[in-house]
Amino acid sequence: MSEDKERALQTFRALVESADRKFGRVRDVEAYGGGTSRQQQQQQHAFQKVFKAYTRLWKYQQENRSKLVECGLRRWEIGEIASRIGQLYFGQYTRTSECRFLVEAYVFYEAILSRRYFQGSEPNVKDLGVRSKELRFYARFLLVSVILNRTEMVNHLLERFGALVEDCKSTFRETNFKEWKQVVQEINRFTKVDKGFNFRPMRYCATFDTHRASLPYVARFHAKRVKFAELTLDMYRMIQCLEWEPSGTFYQKHTFKPKENGDTIDHSGASGIIDMNLTADMTDPNIPPNPRKATLYRPSVTHVIAVMATICEELPPDSVVLVYLSASGNAGLNNVSQVENSGGSSKSSRHKVPSQTNHGQNSGLSETQNNGKRERGYYDNYLWFGPKGNSGTNNLYPGDLIPFTRKPLFLIIDSDNSHAFKAGFKYVLEVGIDRKLDTVLHGAERGETAALFLSPLRPIFKNPSDVNSNNGSQFTFFLTCPLSAFCQMIGVFPNEADTDVYNEAENIIANAFTEWEIILCSSTTMDLVWAQVISDPFLRRLILRFIFCRSVISFFCPPEESEQYLPICLPHLPTSVAPSSEAVRSAIVQLALHFDVADSFHFTET
């Protein structure tokens with residue numbers, strides 16, 4: 001080996017070690033709740049340093065590729081560098097919600113796949129460490145592709161990923177690949193659960209979601225910016241719902257075309273340059289930045305509160321915090337009528353907390369008697385965040401969120417115990433003297449009245465046995481894909497032959513939303529809480545979809561059982577958009593007639 005080549009190899013190894021050390025410091029840093037403002041600034045500085053380190057490393061291997069290959073550099077090492085860069089970009093996307101970072105991650109992952117960095121003629125198939133890196137690469141690339149709605153790529157990756165897991169099982173017989181097999185199964189379920197239900201983008205699309213006739217009415221409201229913290233099919237849908245869909249030619253999705261033998265084109269030359277054209281395709285200068293989001297999967301209660309505190313601390317004065325909580329009501333036996341949530345975040349059903357818990361002992365009874373009837377007490381009203389058991393440390397009580405109402409708060413609760421957040425009772429806390437303590441959120445705010453969307457206590461379907469139990473929450477489905485949720489509820493499953501039927505149904509809903517939007521924005525009785533948020537396009541769309549969800553279910557469910565099936569909003573929206581109003585009722589009647597299911601609804605003359 002010549003001195004020049006040896007020097008190049010030593011420099012490369014030193015750059016790899018330096019970048020890996022910096023990567024290790026930031027890999028597990030959480031998006032929010034990461035400490036004081038100074039600590040967060042230090043974390044951001046660390047991210048900048050690790051990006052700089054990998055940029056330098058990537059550029060060096062590009063410029064010295066031939067020397068490094070002659071010195072024994074393997075293709076999987078280049079793939080690992082690109083994979084780390086993709087991982088960093090995805091981390092930045094989760095922290096900022098800026099789509100450009102998500103696209104950059106896709107670009108690097110796609111380059112790894114197309115150039116087969118983890119494959120080739122090298123003896124990688126016998127190296128368990130390299131195969132593990134390849135498995136992690138596929139899992140991460142799948143996640144990015146799902147979020148970007150790259151359906152063709154997702155299908156291709158799933159096929160390759162599954163084949164790789166099976167190959168690893170046969171090659172490394174002494175190693176247990178049970179967890180990887182489970183990952184494959186989960187991704188397959190996730191991608192197939194609502195296949196055929198996506199008629200239009202879930203992201204906010206100016207073409208479909210901007211109702212031009214109502215724009216002059218919306219313009220009179222003061223604009224608010226939105227942040228979002230939420231707690232995984234439901235989570236995926238809500239993330240999509242709170243991002244902009246790039247306009248123009250991007251709406252015509254790029255088609256991923258593998259070669260006939262199933263492989264992608266192999267760029268095995270010396271060049272390490274990554275094509276950035278995709279970034280140009282995904283960068284739309286005509287749309288605003290996405291709202292920033294923090295997504296938490298099965299967090300502790302203290303973590304949720306810490307994240308919300310951090311967000312509120314960083315919030316500009318003219319902003320609103322949107323919080324979406326998807327959690328079970330109580331710990332205990334399953335409620336068989338509750339359709340479970342997907343992605344491992346199951347909506348267990350409600351149960352009573354045993355009265356012998358510490359909370360019950362400290363506060364007296366957790367229930368009281370009134371004329372022989374049981375009244376729910378403070379500790380019956382919570383969302384349950386724990387994996388098992390009934391410890392109070394896993395319970396989020398409505399009162400826990402009261403401190404965050406010092407600023408505008410839009411709260412969406414999707415739970416079988418969502419009504420815990422309704423106003424209605426007070427709890428007597430015995431601390432020397434009797435003192436009343438507000439235990440519900442609505443009516444107990446500190447400064448700003450919170451806007452609340454509360455899910456039904458249970459879902460309703462025409463044919464429950466035909467509904468996939470992994471399809472996520474019905475309420476969240478209505479808020480993110482209203483027509484899809486409607487079709488699922490009435491037992492209509494779309495196919496390609498019915499495209500015109502569903503396009504016309506979308507037009508019926510769009511026309512209804514336009515009319516409802518004008519009614520809302522012209523109303524003189526709308527509560528100030530809704531007037532403060534209705535100028536934001538994301539929140540306005542959620543409000544319109546809530547009206548649709550409430551009205552559809554109100555006509556579909558048995559009138560005598562409406563209390564458990566209907567969602568609730570607080571404060572109340574104007575009666576001009578109530579289910580019984582002509583503008584709302586006529587739209588639902590039209591949609592039911594369009595699908596020839598009017599006999600499944602309880603339409604009555606008013």
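Atoms OG and CD1, from Ser586 and Ile508 in turn, are 11.0 Å apart once rounded to the nearest 0.5 Å. Leu102 contributes atom CG, which lies 10.0 Å from atom OG of Ser97 (distance to the nearest 0.5 angstrom). We find the CG-CE distance between Leu573 and Met526 to be 8.5 Å, quoted to the nearest 0.5 Å. Here the OG1 atom belonging to Thr449 is positioned 11.0 Å from the CG atom belonging to Leu409, to the nearest 0.5 angstrom. The CG atom of Leu242 sits 9.0 Å away from atom CG of Asp536, with the distance rounded to the nearest 0.5 Å. How far CZ of Phe513 is from CD of Glu506: 9.0 Å, rounded to the nearest 0.5 Å.
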request  = Carefully, step by step, assess Asp416 and Arg458 under the rule side chain to side chain contact (heavy atoms under 4.5 Å, CB included).
outcome  = CA-CA 6 Å; Asp416 54 1; Arg458 60 193 300 180; over 6 Å; no

From CA spacing to verdict: side chain to side chain contact (heavy atoms under 4.5 Å, CB included), Ser418, Leu457 | CA-CA 7 Å; Ser418 63; Leu457 300 181; 4.2 Å; yes

Are Gln532 and Val320 close enough, and set up right, to give a side chain to side chain contact (heavy atoms under 4.5 Å, CB included), and what steps lead you there?
CA-CA 9 Å; Gln532 287 180 323; Val320 178; over 6 Å; no

Determine, stepwise, if the pair Tyr297 / Met235 fulfils side chain to side chain contact (heavy atoms under 4.5 Å, CB included). CA-CA 9 Å; Tyr297 177 68; Met235 184 159 57; 4.3 Å; yes

Apply side-chain hydrogen bond (donor to acceptor under 3.5 Å, both in side chains) to the pair Ser473 and Asp414, showing each step before the final yes or no. CA-CA 8 Å; Ser473 158; Asp414 194 348; 2.4 Å; yes

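Within the 4.5 Å cutoff, no side-chain heavy atoms of Pro408 are placed close to those of Val533. The side-chain heavy atoms of Phe486 and Phe477, taken from C-beta on, include no pair separated by under 4.5 Å. Residues Met153 and Phe141 have side chains in contact (heavy-atom distance under 4.5 Å, counting atoms from C-beta outward). Using a 4.5 Å heavy-atom cutoff, the side chains of Arg95 and Phe101 are not in contact. Taking 4.5 Å as the limit, every side-chain heavy atom of Leu542 sits out of range of all side-chain heavy atoms of Leu544. At least one side-chain heavy atom of Met489 sits under 4.5 Å from a side-chain heavy atom of Gln474. The side-chain heavy atoms of Tyr382 and Leu396, taken from C-beta on, include no pair separated by under 4.5 Å. Counting heavy atoms from C-beta on, the side chains of Ile413 and Leu452 never come closer than 4.5 Å.
Judged by the 6.0 Å and 45° rule, Arg140 forms no cation-pi pair with Phe90. Judged by a 6.0 Å distance limit and a 45° cone about the ring axis, Arg150 is positioned over the six-membered ring of Tyr106.
Evaluation of the side-chain contact (heavy atoms from CB on, under 4.5 Å) rule for Thr525 yields Ser523, Pro574 as partners, not counting sequence neighbours. In this view, Phe404 satisfies the ring-ring contact (aromatic ring centres under 6.0 Å, His included) rule with no residue, not counting sequence neighbours. Here Ser576 pairs with nothing under the side-chain hydrogen bond (donor to acceptor under 3.5 Å, both in side chains) rule; sequence neighbours left out. For Gln590, there are no side-chain hydrogen bond (donor to acceptor under 3.5 Å, both in side chains) partners, not counting sequence neighbours. With sequence neighbours excluded, no residue forms a side-chain hydrogen bond (donor to acceptor under 3.5 Å, both in side chains) with Glu563. Legend: residues meeting ring-ring contact (aromatic ring centres under 6.0 Å, His included) with Tyr565, ordered by chain and number and at least two apart, are absent. Remark: Glu515 engages Ile519, Ala583 in a side-chain contact (heavy atoms from CB on, under 4.5 Å) (not counting sequence neighbours). Not counting sequence neighbours, Thr151 has no partner by the side-chain hydrogen bond (donor to acceptor under 3.5 Å, both in side chains) test. Judged as a side-chain contact (heavy atoms from CB on, under 4.5 Å), and not counting sequence neighbours, the contacts of Val154 are Leu142, Ser145, Val146, Leu158, Thr191. Taking the ring-ring contact (aromatic ring centres under 6.0 Å, His included) definition, one finds that Phe475 meets it with nothing, sequence neighbours left out. Not counting sequence neighbours, the partners of Ala587 by the side-chain contact (heavy atoms from CB on, under 4.5 Å) test are Ala512, Trp516.
In this structure a side-chain-to-backbone donor-acceptor pair under 3.5 Å is present from Asn511 to Asn507. Listed for the Trp530 side chain is no donor-acceptor partner under 3.5 Å among the backbone atoms of Arg540. Here the side chain of Asn463 pairs no donor or acceptor atom with the backbone of Ser465 at under 3.5 angstrom. A donor-acceptor pair under 3.5 Å is absent between the side-chain atoms of Arg541 and the main chain of Phe538, judged by distance alone. Remark: side-chain polar atoms of Thr575 are not paired, donor with acceptor, to backbone N or O of Ala578 under 3.5 angstrom. Within the 3.5 Å criterion, the main-chain N or O of Glu98 finds no donor-acceptor partner in the side chain of Asn290.
Between Phe601 and Ile490, the shortest heavy-atom distance links the atoms CZ-CG2, 3.9 Å. Nearest heavy-atom pair, Pro398 versus Ala420, reported as atom, atom and distance to 0.1 Å: CG-O, 3.3 Å. Here the closest heavy-atom approach between residue Ala327 and residue Trp384 is recorded as CB-O, 3.9 Å. The two atoms that bring Pro567 and Pro456 nearest to each other are N-CG, 3.7 Å, heavy atoms only. Closest heavy-atom contact between His572 and Cys569: ND1-O, 3.6 Å. Scanning both residues, Leu479 and Cys241, for their nearest heavy atoms gives O-SG, 3.8 Å.
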Pair up each side-chain donor or acceptor in residues 547-561 with any protein partner under 3.5 Å, not counting sequence neighbours, and list the distances.
residue : atom : partner : partner atom : Å
Arg550  : NH2  : Val577  : O            : 3.4
Ser551  : OG   : Ile547  : O            : 2.9
Ser551  : OG   : Phe548  : O            : 2.9
Ser554  : OG   : Arg550  : O            : 3.3
Ser554  : OG   : Ser551  : O            : 2.7

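Side-chain N/O atoms of Tyr397 and Asn395 include a donor and acceptor closer than 3.5 Å.
The environment of Asp596 atom CG is sparse: at most 12 non-hydrogen atoms of other residues, nucleotides or ligands sit within 6.0 angstrom.
A distance below 6.0 Å separates the ring centres of Phe453 and Phe410. Taking the six-membered ring for Trp and the full ring otherwise, Phe190 and Tyr236 have centroids separated by under 6.0 Å.
The residues Lys293 and Glu243 are annotated as salt-bridged, a charged nitrogen and a carboxylate oxygen being separated by less than 4.0 angstrom.
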